[in-house]
2 protein chains.
Amino acid sequence: MIDRNALATVLQMGFSRATGPRNIVVETVVAWEGHFSAEELCRSIPQVGRATVYRTLVSLQEEGVICRLMIDGRAPRYLLGGTQHHHHMVCTQCGSVQDIADCGVDDFVDTVAERFGYEPDGHRLEIYGRCASCIGGERVTS
Amino acid sequence: MIDRNALATVLQMGFSRATGPRNIVVETVVAWEGHFSAEELCRSIPQVGRATVYRTLVSLQEEGVICRLMIDGRAPRYLLGGTQHHHHMVCTQCGSVQDIADCGVDDFVDTVAERFGYEPDGHRLEIYGRCASCIGGERVTS
DNA sequence: CACCATATTGAGATAATGTCTCATTAAATC
DNA sequence: GATTTAATGAGACATTATCTCAATATGGTG
Ligand SMILES: [Mn+2]
Ligand SMILES: [Mn+2]
Ligand SMILES: [Zn+2]
Ligand SMILES: [Zn+2]
């Protein structure tokens, strides 16, 4: 979770006025359990305009409060916690997302970049598979 | 590149009839230099319907002839050569894409999956940075 | 080869997601 | 409270992709 006074700071996020609608978006996002799409967020706070929701999501990403997951064909999903570099493990069955704090691929990235003369500037790693609870459940999908 | 008789096989791709339109799509794709979006492909062969182009792209992915890149906000881009597992290095300046043949992160993936009780089923690694030619050029964007 | 059964196509409707405009609203300051 | 203008949001627009289903073309069959 994110602490209260950090939240106050986040609300300013490069804007010059702290507004009601943006406050609603931020409060909703930091209280969200698990990941969400932009549309799900919009639906949960219909009193806030879509434009504002999208604008705030961009700011929250820039501020490192949330991170954005591009899971294959689906719409991007957002997750709390993007302050420092990390990766994701996505369950292909239930869609849950597990944060991976340690990078573990830095050396490989540097090696490859050097080999091709690139100046590396970041990377993205996503691991797909079935999570523990989906393996356990073994429910049959008709 | 892909050899001629492999192409003939590819044309069947789970269909029961080899058709003209699909042939056009496949020929165009395998002759494409670099990466392309679905829309670019459609525009280059306007005599083929959009639905057929998209359908064939899906088949070509399933067949491992092409792979699909999800680069952040942009529309997905396609590349020849997805026969075996590999990764990508994307130039953040010119957008060019370099295939990375060796995986190099398998061990890390397995370690992490085991730690969280996942049954791993694939992963995706993308490296971002400036490519050699963009570093060299140093053209100033007004 | 002509003919048939039906797999495949494609024009256009629809869907999903996101961006943009600009009249209106409401922070912040005085 | 009045003023300034940052910020909002309704709705138009854009982009990308999927779906529908009448029309078409393919691969057999006789
Ligand atoms: Mn995360
Ligand atoms: Mn590739
Ligand atoms: Zn990393
Ligand atoms: Zn790999």
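Both backbone and side-chain heavy atoms feed into the values below; hydrogens, waters and symmetry mates do not. Fair warning: this is a prediction, and the values are worked out from it, not measured in the lab. Chain letters run A, B, ... following the sequence lines, proteins first, then strands; residues in each count from 1.
For the pair Tyr54(B) OH and dG12(C) P, the interatomic distance rounds to 18 Å; values are reported in whole Å. For the pair Arg74(A) CZ and dA15(C) C1', the interatomic distance rounds to 18 Å; values are reported in whole Å. In this structure, Phe15(B) atom CZ and dG27(D) atom P are separated by 13 Å, rounded to whole Å. When the C1' atom of dT17(C) is taken as reference, atom CZ of Phe36(A) falls 16 Å away, rounded to whole Å. Atom CE in Met70(B) sits roughly 12 Å away from atom P in dT16(D) (whole-Å rounding). For Ile24(B) and dT26(D), the CD1 to P distance is 11 Å, given to the nearest whole Å. In this structure, CG of Asn23(B) is placed 11 Å from P of dG27(D), rounded to the nearest angstrom.
Checking dG18(C), dG9(D), dA6(D) against every side-chain atom of Val48(A), the shortest atom distance belongs to dG9(D). With dA7(D), dT9(C), dT17(C) as the candidates, the nucleotide lying closest to the side chain of Thr19(B) is dT9(C).
Scanning all heavy atoms of the two residues, the minimum distance from Cys67(A) to His86(A) falls at SG-NE2, 3.8 Å. Closest of all the heavy-atom pairs between Val29(A) and Leu80(A) is O-CG, 4.0 Å.
In this structure, the side chains of Asp107(B) and Phe108(A) stay at 4.5 Å or more apart for every pair of heavy atoms.
If Pro21(B) and Ala75(A) are placed on DNA chain C by their nearest nucleotide, the residue sitting closer to the 5' end is Pro21(B). Heavy-atom distances to DNA chain D give each of Glu39(B) and Pro46(A) a nearest nucleotide, and the one nearer the 5′ end belongs to Pro46(A). Mapped onto DNA chain C by nearest heavy atom, Gln47(B) and Arg50(B) fall at different nucleotides, with Gln47(B) at the one closer to the 5' end. A residue-by-residue look at Val58(B) and Gly20(B) shows that Val58(B) has its nearest nucleotide of DNA chain D further toward the 5' end.
A donor-acceptor contact under 3.5 angstrom links the side-chain atoms of Arg55(B) to the base of dG10(C). Residue side chain Arg17(A) reaches the base of dT5(D) through a donor-acceptor N/O pair under 3.5 Å, judged by distance alone.
In this structure, His85(A) and His87(A) have perpendicular ring planes: the angle between them is above 60°, well past the 30° mark.
Residue Ala51(A) is in base contact, counting any heavy-atom pair closer than 4.0 Å across all strands shown. Here Arg22(A) lies in heavy-atom contact (under 4.0 Å) with sugar-phosphate atoms only.
For dG27(D), the OP1/OP2 oxygens have no side-chain nitrogen or oxygen of Ser16(B) closer than 4.0 Å.
Although no hydrogens or angles enter the test, the distance criterion places a donor-acceptor pair under 3.5 Å between the side chain of Arg22(B) and the main chain of Arg17(B).
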